[in-house]
Amino acid sequence: FSGVAHIPVVVHVVWNTAAQNISQAQIDSQIEVLNRDFRATNTDVGIVPAPFTGLVADARIEFALATTDPNGNPTTGVTRTQTTRTGFTTDDAIKSSATGGIDPWPADKYLNIWVGQLGGGLLGYAQFPGGPAETDGVVILHSGFGTNGTAAAPFDLGRTTTHEIGHYLNLFHIWGDDGTGCSGSDEVADTPNQGGPNFGVPTFPKLSCSNGPNGDLFVNYMDYTDDRGMVMFTNDQVARMAACLDTVRTDLNQ
Ligand code: ARG
Ligand code: ZN
Ligand code: CA
């Protein structure tokens, strides 16, 4: 695409307790985070260590709650579904009304985001491009979604959704998903080779896989640090996401 891509979003709130029926303000706060993070206008980008600042990239992707539903009618871009299920896992049950969740809107035209209670410390998960339409999209724990309401530290800056949409647009974890080894790759040229995930908020430099002197790019959205520690995509990650939006997910850009 040229210029800026525009992606319509539908947020499916699937709630069991009243608290899980998150507010419109919490949803809006998440959309605002996405529009900062994917345009590199997030003010906390200032924490990027000086040797890495040249890698910071504007993904040129903007998000908005859908204004037209699949039938062509006006919509808020939010669905709300009460469920008897007290929690969901990565089994995609939240993505179907037959299993206590709600079906996606057509996945070629909308980014479906399901928000609900997840078990086992799971913050969220995503489906990579090219998978089945009926499960396409991202799933986010309500307390890791947005920046207000039920959002809880250290995952209360909306970065779980930024990270999962990275996967949805074909980005792998920055350490290459090979445990703590040095043979896995994220298939991105400008990210340093990295052993395993980083947690918390590391101090520069954090070395692994002989990647000195600058070490791991632990401020990247595709690492596992706390929300306040992940603040950037790289140029080559942006190119990978753009390639996805120009091919497999081309109809999403509206
Ligand atoms: N564990 C999840 C995944 O691998 C999300 C991690 C998000 N991290 C964060 N600090 N919000 O997709
Ligand atoms: Zn991930
Ligand atoms: Ca790499």
Side-chain angles (χ1 to χ4, degrees), residues 26 29-30 33-34 36-38 42 44 47 52 55 57 88-92 94 113-129 131 135-147 150-202 206-212 214-241 244:
Q26 189 171 348
S29 75
Q30 181 62 66
V33 167
L34 294 175
R36 290 192 291 264
D37 289 355
F38 284 82
N42 52 302
D44 55 2
I47 72 166
F52 292 134
L55 295 175
F88 293 91
T89 66
T90 53
D91 67 0
D92 292 333
I94 199 170
I113 303 180
W114 289 267
V115 180
Q117 182 65 294
L118 306 177
L122 182 66
L123 287 168
Y125 67 100
Q127 182 168 299
F128 280 85
T135 51
D136 200 19
V138 306
V139 178
I140 310 290
L141 175 67
H142 69 87
S143 55
F145 190 78
T147 63
T150 67
F155 304 113
D156 57 346
L157 297 180
R159 262 60 193 262
T160 299
T161 310
T162 300
H163 174 109
E164 300 307 336
I165 293 174
H167 288 314
Y168 170 87
L169 295 175
N170 212 26
L171 297 187
F172 298 116
H173 290 134
I174 193 163
W175 66 91
D177 288 307
D178 61 336
T180 55
C182 297
S183 57
S185 171
D186 61 359
E187 310 293 335
V188 168
D190 64 359
T191 55
N193 190 25
Q194 175 173 322
N198 289 299
F199 299 99
V201 182
K206 177 84 193 313
L207 305 189
S208 68
C209 300
S210 309
N211 62 9
N214 298 328
D216 298 354
L217 187 66
F218 54 79
V219 287
N220 193 262
Y221 293 125
M222 301 316 291
D223 207 330
Y224 264 5
T225 64
D226 288 348
D227 276 16
R228 69 182 173 89
M230 47 171 67
V231 300
M232 63 169 288
F233 291 116
T234 69
N235 293 292
D236 290 340
Q237 285 177 322
V238 163
R240 230 180 126 80
M241 291 192 281
C244 174

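All values below come from the heavy atoms of this structure, side chains included, with hydrogens, waters and symmetry mates left out. Counting starts at 1 for both ligands and their atoms, following the listed order.
- Each of the atoms 2 (C), 3 (C), 5 (C), 12 (O) of ligand 1 lies under 4.0 Å from some heavy atom of Glu164.
- For Tyr125, no nitrogen or oxygen atom sits less than 3.5 Å from a nitrogen or oxygen atom of ligand 1, counting backbone and side chain alike.
- Among the atoms of Thr160, some N or O lies under 3.5 angstrom from an N or O of ligand 1.
- For the residue pair Asp223 / Gln194, a side-chain donor-acceptor distance below 3.5 Å is found, with atom types taken as modelled.
- Between the O atom of Val188 and the OG1 atom of Thr191, the angle centred on the Ca ion (ligand 3) amounts to 70° when rounded to 10°.
- Some N or O of Tyr224 is nearer than 3.5 Å to an N or O of ligand 1, by distance alone.
- Note on Glu187: not counted as a metal contact of the Ca ion (ligand 3), no N/O/S atom lying under 3.0 Å.
- Between Val238 and Ala57, the shortest heavy-atom contact is CG2-CB, 3.6 Å.
- The contact set between ligand 1 and His167, taken as ligand atoms under 4.0 Å from a residue heavy atom, comprises 12 (O).
- Taking the Zn ion (ligand 2) as reference, His167 places its N/O/S atom NE2 nearest.
- Here the N, O or S atom of His173 that is nearest to the Zn ion (ligand 2) is NE2.
- Separating the CG atom in Leu122 from the CD1 atom in Ile140 is a distance of 9.0 Å, to the nearest 0.5 Å.
- In terms of heavy-atom proximity, Val138 sits nearest to Ile165 at CG1-N, 4.3 Å.
- Under a 4.0 Å criterion applied to the non-hydrogen atoms of Thr225, ligand 1 contributes the atoms 9 (C), 10 (N).
- Ligand 1 has no nitrogen or oxygen under 3.5 angstrom from a nitrogen or oxygen of Asp226.
- Residues Asp178 and Gly195 approach most closely at OD1-O, 3.7 Å, considering heavy atoms.
- Between the side chain of Gln26 and the main chain of Thr150, a donor-acceptor pair closer than 3.5 Å is present.
- Atoms of ligand 1 lying under 4.0 Å from any heavy atom of Asp227, numbered from 1 in the order shown and given with element: 9 (C), 10 (N), 11 (N).
- Phe155 contributes atom CZ, which lies 16.0 Å from atom OG1 of Thr147 (distance to the nearest 0.5 angstrom).
- With respect to the salt-bridge test (charged N to carboxylate O, under 4.0 angstrom), the residues Arg159 and Asp44 qualify.
- Of all N, O or S atoms in Asp186, the one lying closest to the Ca ion (ligand 3) is OD1.
- Of all the heavy atoms of Leu122, none lies under 4.0 Å from any atom of ligand 1, so neither backbone nor side chain is involved.
- Ring geometry for His163 versus His167: interplanar angle over 60°, hence perpendicular rather than tilted (30 to 60°).
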